[in-house]
Protein chains: 2
Amino acid sequence: MSLTTAAPDQPTLYKRIRADIEKRILTGEWPPGHRIPFEHELVARYGCSRMTVNKALSELAQADLIERRRRAGSFVRRPQHQSAVLKIADIRAEITALGRGYGYELIGRKLRTATAADRERLGVRKAGKVVAITCRHSADKVPFAVEDRLIDLSSVPDAATADFSREPPGSWLLHHVPWTEAEHTISAIVADDRTAEALDIAVGAPCLVIDRYTWRSARTITAVRLLYPGDSHRLVARFKGG
Amino acid sequence: MSLTTAAPDQPTLYKRIRADIEKRILTGEWPPGHRIPFEHELVARYGCSRMTVNKALSELAQADLIERRRRAGSFVRRPQHQSAVLKIADIRAEITALGRGYGYELIGRKLRTATAADRERLGVRKAGKVVAITCRHSADKVPFAVEDRLIDLSSVPDAATADFSREPPGSWLLHHVPWTEAEHTISAIVADDRTAEALDIAVGAPCLVIDRYTWRSARTITAVRLLYPGDSHRLVARFKGG
DNA sequence: CACGATTATATGTCTAGACATATAAGTCAA
DNA sequence: TTGACTTATATGTCTAGACATATAATCGTG
């Protein structure tokens, strides 16, 4: 072991500049609207080139913490309170992350020409073929969620022959259709007879509903409705901003 | 009007490079795991300096579309399906965005020393002062949501004297406490007597519940519970990734 | 063959310039 | 006072280099 103290593992300069400024914004020292120092002032303060401070400021602008205006300068933005990052994990991953045993059960699978209701659910015009799947996810043998899914076979032909009796359709799609976009709608209902039975809860008990509609470059892939017992399941979203 | 066609307003070079690569990833031409060309290859292809392609690749890495490994290269990442951006707007903004008339009504306001229940809800140890507020938001005179809020006065002393009879506490806090962090929990319940009356729905009807806990550099600010009629209100989240 | 040392290489960061461009601010005329 | 024109300036992008650093691949040795 050397006698000289090892230098603390300093982050790179541009990261330090970014962190310095971020701290002042987050603590309120530089409130919304405050003009942060010009690039050339930061260059002087940190003794580096403009590209270095530019990289720091560009990243802050990308994170929506500051707004950069030509000729005017860079300004602290007002907090962006309207968006939160909601973690919607794969159900299997969610359950195993809780340290519980994952169980999957296929309840029904039908291959059919899309009905009017199917077409509306998938948001398509043409009456192509679809697969309708109903299944149940459980944690330690206790029902965790029931899934009701429609897959558009004109976009994912392979789904017609996939074996969903072992593998959940969500996982299968994840590995066969990369980089989709999706829209989630969250609502609440009370359990009807069928739902109550599937989830092993009382009729009239609250259920949290997640409807997910997934597409890939303007092509519909799948529409899924997930029903969770409302008093047990909780979705947690964290975000930054007022 | 000139006879020469105006040049299309080209984006800058690094943006074009980024878009080119992004397109190949999103269309599946370069699937997850695919090694994208080395920086020096892109330099040759686009006839620019390395800093330019580096900027494009760095942004793709920041967006989690690619992973960069020293000595090995840059690789297309697997889709990050687990996070969605959930828009949780200010209720007033949400209602006016729907083109409906916003209404606000203060139901109750109490200033008290934190009870044990208050302390647990706020996640604090000490029994300081708090304000408890109950209010209702409506759209075109129809109840839209009821709010039940607790504000920690040791963090936000001004809230003790703020007038919440006209301004909703959410808006007030937004303008007085910038850049907080928050955690949302979403669940479902059925309406009890009081909730049913406040929302003008039937007892036993489903309600969507959002619990939001807000802090600022380790200091609790506020805890709020929002109750929405479950069959009418819908939260929409969009995201990218499988 | 297993394992440690060496080397090659792709990315990470940085510099000291350059020109482009949007726009705030100033100037001047109607 | 108002509107049109000019100018100054901060940011946006880019270059052609440089050295640092992590690590995949290779080489040597026991």
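Labels below follow one simple rule: chain letters A, B, ... track the order of the sequence lines, proteins then strands, and each chain is numbered from 1. The structure displayed is predicted, hence computed values, not measured ones.
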Out of C/dT11, D/dT11, C/dT15, minimum distance to the side chain of A/Ser49 belongs to C/dT15

Could you tell me whether the side chain of B/Arg71 has a donor or acceptor atom within less than 3.5 Å of a complementary atom in the base of D/dA24?
-> yes

Answer with base, sugar-phosphate or nothing: what part of the nucleic acid does A/Ser74 contact at a heavy-atom distance below 4.0 Å?
-> sugar-phosphate

Whether B/His137 and B/Tyr104 hold their rings parallel, tilted or perpendicular, with breakpoints at 30° and 60° = tilted

Taking the nucleotide of DNA chain C with the closest heavy atom to each, which residue, A/Arg70 or A/Tyr14, is nearer the 5' end?
-> A/Tyr14

Proximity to the side chain of B/Thr52 - top-ranked nucleotide from D/dC14, C/dT11, C/dT15 = D/dC14

Judged by modelled atom types alone, do A/Thr180 and A/Arg216 share a side-chain donor-acceptor pair under 3.5 Å?
-> no

Across the strands shown, which category fits A/Leu13 at heavy-atom distances under 4.0 angstrom: base, sugar-phosphate, nothing?
-> sugar-phosphate

Heavy-atom nearest nucleotide on DNA chain C taken for A/Gly47 and for A/Arg50; more 5' hit belongs to A/Gly47

Taking the side chain from B/Arg50 and the backbone from B/Val43, do they hold a donor-acceptor pair closer than 3.5 Å?
-> no

Donor-acceptor pairs under 3.5 angstrom involving side-chain atoms of residues 164-174 of chain A: please list them, not counting sequence neighbours.
residue  : atom : partner  : partner atom : Å
A/Ser165 : OG   : A/Asp163 : OD1          : 2.6
A/Ser165 : OG   : A/Asp163 : OD2          : 3.4

Out of D/dT15, C/dA10, D/dA24, which has the shortest distance to the side chain of B/His40?
-> C/dA10

